[in-house]
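This report concerns only the one structure given below.
Here is how names work: the chains are called A, B, and so on, in the same order as the sequence lines, proteins then strands, and each is numbered from 1. Note that this is a predicted model, so its numbers are computed, not measured.
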There are 4 protein chains.
Amino acid sequence: MRARTDEAKDLRRQALLDAALDEFAERGFAAARMEDIARRADLSKGTLYLYFESKEDLFKALVDTKAAPRLDEIEALVTEMPSALEALATFAQLAPMLIQRSPVPRLAKIIIGESNQFPEIADFYRRNFIERGMGVIRSVLEQGVERGELEVEDPALTARLIMGPMVLSAVWHVLYGDKPDGRVDLEKLFALHARYLRRALVKREDEPT
Amino acid sequence: MRARTDEAKDLRRQALLDAALDEFAERGFAAARMEDIARRADLSKGTLYLYFESKEDLFKALVDTKAAPRLDEIEALVTEMPSALEALATFAQLAPMLIQRSPVPRLAKIIIGESNQFPEIADFYRRNFIERGMGVIRSVLEQGVERGELEVEDPALTARLIMGPMVLSAVWHVLYGDKPDGRVDLEKLFALHARYLRRALVKREDEPT
Amino acid sequence: MRARTDEAKDLRRQALLDAALDEFAERGFAAARMEDIARRADLSKGTLYLYFESKEDLFKALVDTKAAPRLDEIEALVTEMPSALEALATFAQLAPMLIQRSPVPRLAKIIIGESNQFPEIADFYRRNFIERGMGVIRSVLEQGVERGELEVEDPALTARLIMGPMVLSAVWHVLYGDKPDGRVDLEKLFALHARYLRRALVKREDEPT
Amino acid sequence: MRARTDEAKDLRRQALLDAALDEFAERGFAAARMEDIARRADLSKGTLYLYFESKEDLFKALVDTKAAPRLDEIEALVTEMPSALEALATFAQLAPMLIQRSPVPRLAKIIIGESNQFPEIADFYRRNFIERGMGVIRSVLEQGVERGELEVEDPALTARLIMGPMVLSAVWHVLYGDKPDGRVDLEKLFALHARYLRRALVKREDEPT
DNA sequence: TATGAATGAGTCTTCATTCAT
DNA sequence: GATGAATGAAGACTCATTCAT
């Protein structure tokens, strides 16, 4: 069947990108085979080359397409929160979904593996995803401090610490998510995280830093 | 010069393993070239095959050799601590060194990239390194609770949260450690982490969980 | 030109098998180069691997395809003969063709050379070709004895003796067939053989065994 | 241990040639490994190169040494026979030993396999062994004819026919000699052969050719 | 002399990419 | 537009040969 309309083409393109995400995540960039990607999208090798010039081109298109997902939405959602504590709680609620349902962890895995082959992609990902995420957290913290809600020594480093369990969980999920003894209750984990953050960051009278 | 004694051979073997660590970390298992590994150790391709039967054999030897480094020492050190807080502080002191000076982060990067090609290695690493690390933290926490020092809801999940910044920092270090704007002051980061942990976990009278 | 239909593919496959027969016969299995085989069939190395998974696979396909040639026809032809003498004469007529025109001698040469690498192939060849041939001769002899035509002490051993000149001639042909001083008049040779067989095997009244 | 005397050197040389015969016969020239040959002679690879310049040199030395065995003795023995029939009977007696105990069949196997790589060796073998053998038989036949003992149409072709079962048996022996169902009673076979030859070749009054 | 560590040319095999159909 | 047959560059691995010890 042929894709004549633009929508049909976009559909094929998307199917190929999805297939590429799967194959690259499973095998890594070097070991993934173009034929397998095409087959996974129910297309032929030749057709793949109608949509992407080369393996590298496909890889970069993949990162471009998937790397900046609903981050905007999350950003908006969190920024609108009336209090920093609520914002952190929202984070805790969103994290499991982001890890279990979005392509982000698999993409991160690929990028980690190929960071030396494609340093500009690793940089792009850092700036547009991780540092942006840390920036959001940091501004939440800074707002909390301004409002006298929180007590935070170094908002940038603190944001980094807060991201830690997310990265660990993302890596864990792509590596062991499908093993029977690798499952972790992420809802519980991030709820606990939120409670600890409250205990650690909320301003108190009785105890000096 | 030729390696005739067993010590000289061990030296060559080590040199090859070091070279392999570098190449695998830089390019990933599939993209690394045996000849490059040999050259990096100032040996020829053929010599490499005198020491390792195949690329896969070399990879597995690499994991076997480098995967369980001074973890024993750390374990002993931490277990001997008189109080849980001191143990966590010791962790905070050791973490930067482990991340910046040991081969663990680079090894972790390789294993993340190849987890689907070598699931048994990913499992080995999980059990012998990550879960072991989390286990140590957990027993520290449990001792702290027993002594009435700490207040911990779920020691296993808490240990996982505590590992988070370590994993993030390790990944960050291998990906961006050599970039000018990628440097992070790990001493400061983990000192801060230790302080937050104290605030979050130390038992208080005045505030219910 | 590209082989798109099944027939065209079969043609390529045949061409590759023919080329393989030539190269293996000339150099032996180990010394034959896959690229040379492909080139001899006017194809590239890569294309050869579209048709055969490996060198060994190609070798086995070669034996499967060429090893049991018109043996069925010969068997039928000989079995239908009204008398044993005629059957032996027919043999004598067919032998030169089998040696000079069929792939059997070259195939035998390859199999002799590789009998230790591929003992199952040597066994296959023995059972499906040599012992089958000897079996036909033997049954001819036994029929001749039953009919009172021949006097044969040990039909199995006698069949083996009768095969002797065929094997010698086959080996000779592949080794020296193209040398000026290596040519042998096979028609004459096997006609003479048939006459000797008549003298040796035909029942006589005047002379006891 | 070092071979200082000439005899000791000759011993090493012989051991290497024996080992080479075994390895070349088992694997063929291309697939045989110099290291395996050395090891089979309980020597090191380096030592092998003290005795033979190269693999090819070793191969040629092997043929030179083993190709012309006790053929002289056989030749003398047979030539001295008072009658052609006795000479043929002697042949029948010697054949099994030549096939089962001498290196000739294994050597023949190697030479068959490598005839295209080393055509000069195949030629050498033909002239110095096969044609010489056939020549002896032929002169026996011619003497028999002169003496009125035998009736032979074409002594050269007849000699070739007589050699047939020897070649078949030699090939059979190296290919299947060690298989349980590959054993043949060579004494019986060649005794039978001798009887058939007598019936076929002895001059008779009663029957015209 | 004897050894076996070291080398690198040579071969099998894979797979990104091209292109005839 | 779509296909998959064809290609050949590239990389793992082997092994004859060399040479330091």
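Residue whose closest nucleotide on DNA chain E sits further toward the 5' end, between Lys45(A) and Arg4(C): Lys45(A). Projected onto DNA chain E by closest heavy-atom contact, Ser54(C) and Glu35(D) fall at different nucleotides, the more 5' of which corresponds to Glu35(D). The residue among Arg2(C) and Gly46(B) whose nearest nucleotide of DNA chain F is located toward the 5' end is Arg2(C).
Between Asp6(C) atom CG and dG4(F) atom C1' there is a gap of 13 Å when expressed in whole angstrom units. One atom, CZ of Phe24(B), and another, P of dA12(F), lie 9 Å apart when rounded to the nearest Å. Rounded to whole Å, the distance from CZ on Phe52(D) to P on dA2(E) is 13 Å. What separates CG of Leu48(D) from P of dT18(F) is a distance of 12 Å, to the nearest Å. Rounded to whole angstrom, the span from the CG atom of Asp10(C) across to the P atom of dA5(F) amounts to 13 Å. In this structure, CE of Met34(D) is placed 15 Å from C1' of dT3(E), rounded to the nearest angstrom. Taking atom CD1 of Ile37(B) as the reference point, atom C1' of dG11(F) lies 12 Å away to the nearest angstrom. We find that CG of Asp57(A) is positioned 12 Å from P of dT18(E), with the value rounded to whole Å.
Here Thr47(B) reaches the OP1 or OP2 of dT7(E): one of its side-chain N or O atoms lies under 4.0 Å away. Look at Tyr49(A) and you won't find any side-chain N or O under 4.0 angstrom from OP1 or OP2 of dG4(F). For the pair Arg12(C) and dA6(F), the criterion of a side-chain N or O lying under 4.0 Å from OP1 or OP2 is met.
The closest side-chain heavy-atom distance from Ser44(C) to Glu35(C) is not below 4.5 Å. Contact of the Phe24(D) side chain with the Leu107(D) side chain is not registered, since no non-hydrogen atoms from C-beta on lie closer than 4.5 Å. A 4.5 Å side-chain heavy-atom check between Ile37(C) and Arg27(C) finds every atom pair outside the cut-off. Here the side chains of Thr65(C) and Gln14(C) are in contact, with some heavy-atom distance below 4.5 Å.
Between Phe118(D) and Phe59(D), the angle of the ring planes lies from 30° to 60°, which puts this pair in the tilted group.
The nucleotide whose nearest atom lies closest to any side-chain atom of Leu50(C) is, among dA2(F), dT7(F), dA5(E), dT7(F). The side chain of Arg39(B) approaches dG8(E) more closely than any other nucleotide in the set dT18(F), dA5(F), dG8(E). The nucleotide whose nearest atom lies closest to any side-chain atom of Ser44(C) is, among dT3(F), dA6(F), dT17(F), dA6(F). Among dA2(E), dA6(F), dT3(F), the nucleotide with an atom closest to any side-chain atom of Leu43(A) is dT3(F).
Residue-level contact check: Arg33(C) touches the backbone only, with heavy atoms under 4.0 Å from sugar-phosphate atoms and none from bases. If you check every strand for non-hydrogen atoms under 4.0 Å, Lys55(B) touches sugar and phosphate atoms only. Counting any heavy atom pair closer than 4.0 Å across all strands shown, Ala32(A) reaches sugar-phosphate atoms only and no base atom. Note on Tyr51(C): only backbone sugar-phosphate atoms sit closer than 4.0 angstrom, heavy atoms only; bases stay farther off.
To the nearest 0.5 Å, atoms CZ (Phe29(C)) and CD1 (Ile121(C)) are separated by 8.5 Å.
Across every strand in view, dT21(F) sits in a pair with dA2(E) that passes the Watson-Crick or G-U test at under 3.5 angstrom.
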